[in-house]
There are 2 protein chains.
Amino acid sequence: MGATKTDLFTRQQNDIANMAKALAHPARIAILQHLVKINTCICGDLVEELGLAQATISQHLKELKAVGLIQGTVEGTSICYCINPKNWKQYRQFFDKFFGSSVSEGNCC
Amino acid sequence: MGATKTDLFTRQQNDIANMAKALAHPARIAILQHLVKINTCICGDLVEELGLAQATISQHLKELKAVGLIQGTVEGTSICYCINPKNWKQYRQFFDKFFGSSVSEGNCC
DNA sequence: ACCGTTCATCGTAATATTGCAATTATGGGA
DNA sequence: TCCCATAATTGCAATATTACGATGAACGGT
């Protein structure tokens, strides 16, 4: 025991949870914000920007790439990362839909 | 080592990461969806609804309550949980703002 | 007062995540 | 070819999360 029981939940529920998990670390939020801000691509100066070790940054980038939020292309000796616009919009829609179900104010609890 | 270095990031970045963390589990997504659906309050039939043990559900409810997404009031021998409309809307706005920074299509990577 | 129902909390085991040093590719100079 | 810079991967230690059985607290009924 200790592992998440994904089989108990719907595909959609696991999807949303996984999307949220990708955002569930300040370093990854910082990376995404930096990439959004510097709309043109950025390489590994993220290591300087955030105060984490190169190996750690690389790991976070890997996770973000795994869920499709960012993409990277080789640029000579360094690698150029940027937001994946398509999936970014999809994420936005997913969360929008999730929270969109407007909650009835008051009258309970 | 192994703990998240929250002090390296801004308050806002940590906040978003924490909000995302609250949603980063299918059981909590399922709980929230159930509470939204049954707009009137619901008690602990969540234990039946999801297939998890009572102690586990209670733990997830505690986390959701800790971040303010739900609220609960004593209802005799059972407890009535429901969405916290105010914070729900705030969450929605936060994520909307985060993803709102529209990404420039193409032209890079 | 006694029992049963409902839920929180504690303790513990299993697993996942975070972070880094060290190492390993890979590509561009000299 | 021999370095040097950049970034991925590996291996490991520290910490966090998930899940559950057992126990405890609170309430309603009898």
Side-chain angles (χ1 to χ4, degrees), chain A residues 1-9 13-14 17-32 34-35 41-67 70-82 109, chain B residues 1-9 13-14 17-32 34-35 41-67 70-82 109:
Chain A
M1 325 135 186
T4 296
K5 295 194 163 179
T6 55
D7 51 307
L8 285 180
F9 310 101
Q13 286 163 345
N14 283 304
N18 278 328
M19 291 198 290
K21 198 181 290 184
L23 304 175
H25 195 288
R28 292 195 287 272
I29 297 292
I31 290 174
L32 291 174
H34 194 72
L35 289 180
C41 301
I42 197 66
C43 323
D45 359 53
L46 287 164
V47 179
E48 295 183 40
E49 197 71 24
L50 325 182
L52 294 171
Q54 183 263 324
T56 309
I57 300 287
S58 191
Q59 206 172 357
H60 284 304
L61 287 170
K62 188 182 176 185
E63 289 182 62
L64 288 173
K65 199 158 52 176
V67 298
I70 65 175
Q71 58 197 202
T73 52
V74 183
E75 184 96 9
T77 171
S78 57
I79 291 190
C80 168
Y81 279 109
C82 67
C109 291
Chain B
M1 320 127 194
T4 296
K5 294 195 161 178
T6 54
D7 52 307
L8 285 180
F9 311 101
Q13 287 165 343
N14 283 305
N18 278 329
M19 291 198 289
K21 198 181 289 182
L23 304 174
H25 196 288
R28 292 196 286 273
I29 297 292
I31 290 174
L32 291 174
H34 194 72
L35 289 181
C41 302
I42 198 65
C43 323
D45 1 52
L46 287 164
V47 179
E48 294 183 41
E49 197 70 25
L50 325 182
L52 293 170
Q54 183 264 323
T56 309
I57 300 286
S58 191
Q59 207 171 357
H60 284 304
L61 287 171
K62 187 182 175 185
E63 289 182 61
L64 287 173
K65 199 159 52 175
V67 298
I70 65 175
Q71 57 196 202
T73 51
V74 183
E75 183 97 8
T77 171
S78 56
I79 292 191
C80 167
Y81 279 109
C82 68
C109 291

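Naming: A, B, ... by sequence-line order, numbering from 1 per chain. Only this structure's heavy atoms are used, side chains among them; waters, hydrogens and symmetry mates stay out. For clarity, every value in this text was computed on a predicted model and none was experimentally measured.
- Residues F9(A) and I57(A) both approach DNA chain D. Their nearest nucleotides, taken by heavy-atom distance, put I57(A) toward the 5′ side.
- Residue-level contact check: A55(A) touches the bases, meaning some heavy atom is under 4.0 Å from a base atom.
- Put simply, the side chain of Q59(A) and the base of dA8(D) share no donor and acceptor less than 3.5 Å apart.
- Atom CG in L64(A) sits roughly 11 Å away from atom P in dT18(C) (whole-Å rounding).
- Atom CD1 of I57(A) and atom CD1 of I31(A) lie 5.0 Å apart (nearest 0.5 Å).
- With rounding to whole Å, I70(B) atom CD1 is found 13 Å from dC7(C) atom C1'.
- Both A3(A) and K65(B) sit near DNA chain C, but only K65(B) has its closest nucleotide nearer the 5' end.
- What separates CD1 of I31(A) from P of dG19(C) is a distance of 10 Å, to the nearest Å.
- Distance check: H34(A) NE2 to L46(A) CG gives 5.5 Å after rounding to the nearest 0.5 Å.
- Close to dT17(C), at under 4.0 Å from its OP1 or OP2, lies no side-chain N or O of K21(B).
- Within the structure, a side-chain polar atom (N or O) of H25(A) is placed less than 4.0 Å from OP1 or OP2 of dG19(C).
- Taking only side-chain nitrogens and oxygens, Y81(A) comes nearer than 4.0 Å to OP1 or OP2 of dA8(D).
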For nucleotides 2-6 of chain D, tabulate all protein N/O to nucleotide N/O atom pairs closer than 3.5 Å, reporting atom names and distance.
| unit_1 | atom_1 | unit_2 | atom_2 | d |
| --- | --- | --- | --- | --- |
| dT6(D) | O4' | T77(A) | OG1 | 3.4 |

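- Put simply, the side chain of P26(A) does not reach to within 4.5 Å of the side chain of L8(B), judged on heavy atoms.
- Atoms CG (L50(A)) and P (dT18(C)) sit 14 Å apart, rounded to a whole Å.
- A side-chain donor-acceptor contact under 3.5 Å links R28(A) to the backbone of K21(A).
- Looking at heavy atoms from C-beta onward, F9(B) lies out of side-chain contact with I29(A) at the 4.5 angstrom threshold.
- When the P atom of dA19(D) is taken as reference, atom CG of L61(B) falls 13 Å away, rounded to whole Å.
- Atom P of nucleotide dT17(C) and atom CZ of R28(A) are separated by 9 Å, given to the nearest angstrom.
- Once rounded to the nearest 0.5 Å, the distance linking CG of L64(A) with CD1 of I70(A) reads 4.5 Å.
- Within 4.0 Å of E75(A), counting heavy atoms only, lies no atom of the nucleic acid at all.
- Here dA8(D) is the nucleotide among dA8(C), dA8(D), dG19(C) with the atom lying nearest to any side-chain atom of Q54(A).
- Atom CD of Q13(A) and atom NE2 of H25(B) lie 11.5 Å apart (nearest 0.5 Å).
- For K5(A) and dA13(C), the NZ to P distance is 18 Å, given to the nearest whole Å.
- Considering only side-chain N and O atoms, K62(A) lies nowhere under 4.0 angstrom from the phosphate OP1 or OP2 of dA7(D).
- With distances taken from any side-chain atom of L52(B) to the nucleotides dC20(D), dT15(D), dA8(C), the minimum falls on dC20(D).
- Look at CD on E48(A): it is 14 Å from C1' on dA7(D), rounded to the nearest Å.
- Look at H60(A) and you'll find a side-chain N or O under 4.0 angstrom from OP1 or OP2 of dG19(C).
- Proximity of T4(B) to the phosphate of dT18(C): no side-chain N or O atom is located under 4.0 Å from OP1 or OP2.
- Taken from CG in L50(B) to CG in D45(B), the straight-line distance is 10.0 Å, to the nearest 0.5 Å.
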